[in-house]
Number of protein chains: 2
Amino acid sequence: MRHEPLAAPTNMQQLADWLKVLAEPRRLQILNLLMAGVQCNCELGDHLDMAPNLISHHLSVLRKAGLVDIERDAVDARWVYYSLNPAALDALNAAFGAFFAPARIQPRRAVCGPQGSVIHAATIRVTRH
Amino acid sequence: MRHEPLAAPTNMQQLADWLKVLAEPRRLQILNLLMAGVQCNCELGDHLDMAPNLISHHLSVLRKAGLVDIERDAVDARWVYYSLNPAALDALNAAFGAFFAPARIQPRRAVCGPQGSVIHAATIRVTRH
DNA sequence: GCTATAATTCAACTATGGTTGAACTATCGC
DNA sequence: GCGATAGTTCAACCATAGTTGAATTATAGC
């Protein structure tokens, strides 16, 4: 059986990586707080009732994914402020929208199934088994 | 420190559940094929080089998440056709777009940090590095 | 120098969940 | 009935990754 490769969004792998980063409730909560303007480790921990090292870990994951930027306080360098990367957020929205766009849904390709099945000849598209 | 609870999208939990389902490369590939019109277990396995029981498992996860519908062949009930649930896909896009909308990003709330720090009322900005 | 603070890093533990192969169910053709 | 086919379910294995607490780094204040 030979099937030509079906087209996939070029950034599908990156989307998968992003989704893996986002598919974590606490990271979603952190992102939610970052969007609301909360930006230091201590206050994130205060809101989410999490140990600072856990916050640090999840922020590190988000930062490696390029979604979050880091900045130290100019007056007291012990404080670290995290912020969303707007460009990455745009890219994320674009990748997600491109992949899950309803317009991408195509009618069934009757490759499998018995002869003379539910699918009529008029709706069949290319390829043989 | 007292912090009033920050508003979160009402469907945040459902979004988290969906993301957990989507954050799996093989499931993304399956969804990609379903969008392209491939809809039976055997051909999915052919494209992805996966055992049918694995396909079955991942399709089950997608189905429990409401993203995929199931239908048996009218002529030969042994064949099963999977299809995307357009309504669920719309809801997914809506939930994702609502959460990650760039418009939701707010400037930093200077709750933490030293007194008289970098953040002044007049110089608040969306911090970038 | 010393102590306190903000945050990170590290190693160990743990749990969720993907993978595997076999057994099983259901249907079709004979 | 029988055997073949499409797909599912099951139990076991295993790897990834979140969690935990302690140690560590870096900075500020004295």
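Letters A, B, ... are given to chains in the order of the sequence lines, protein chains preceding strands, and every chain is numbered from 1.
- For the residue pair A/N41 and A/P52, the shortest heavy atom distance occurs at ND2-O, 3.4 Å.
- Each of D/dA28, D/dT8, C/dT19 was ranked by its minimum atom distance to the side chain of B/R26; first place goes to C/dT19.
- For the pair B/L59 CG and C/dG18 C1', the interatomic distance rounds to 15 Å; values are reported in whole Å.
- Closest to the side chain of B/Y82, from the set C/dG17, D/dG7, C/dT8, is D/dG7.
- Side-chain contact check for A/M35 versus A/L84: some heavy-atom pair is nearer than 4.5 Å.
- For the pair A/L67/A/W18, a side-chain contact is recorded, criterion being any heavy-atom separation below 4.5 Å from C-beta on.
- For A/E71 and C/dA6, the CD to C1' distance is 16 Å, given to the nearest whole Å.
- Nearest to the side-chain atoms of A/C42 among the listed nucleotides D/dA4, C/dA7, D/dT8 stands C/dA7.
- Counting only heavy atoms from C-beta outward, the side chains of B/R27 and B/V61 approach each other to under 4.5 Å.
- A/M50 places its CE atom 14 Å from the C1' atom of C/dT8, with the value rounded to the nearest Å.
- A residue-by-residue look at A/E24 and A/A77 shows that A/E24 has its nearest nucleotide of DNA chain D further toward the 5' end.
- Nearest nucleotide to the side chain of B/L54, out of D/dA6, C/dT20, D/dG18: C/dT20.
- Here the side chain of B/R78 is nearest to one of C/dT19, D/dG7, D/dT5, namely D/dT5.
- Here the nucleotide nearest the side chain of A/S56, chosen from D/dT19, C/dT16, C/dT8, is C/dT8.
- With hydrogens and angles left out, the side chain of B/N53 and the base of C/dG21 share a donor-acceptor pair within 3.5 Å.
- With C/dG18, C/dA6, D/dT27 as the candidates, the nucleotide lying closest to the side chain of B/H58 is C/dG18.
- For A/R72 and C/dA6, the shortest distance from a side-chain N or O to OP1 or OP2 is not below 4.0 Å.
- Rounded to an integer number of Å, the gap from CD of B/Q29 to P of C/dG18 is 14 Å.
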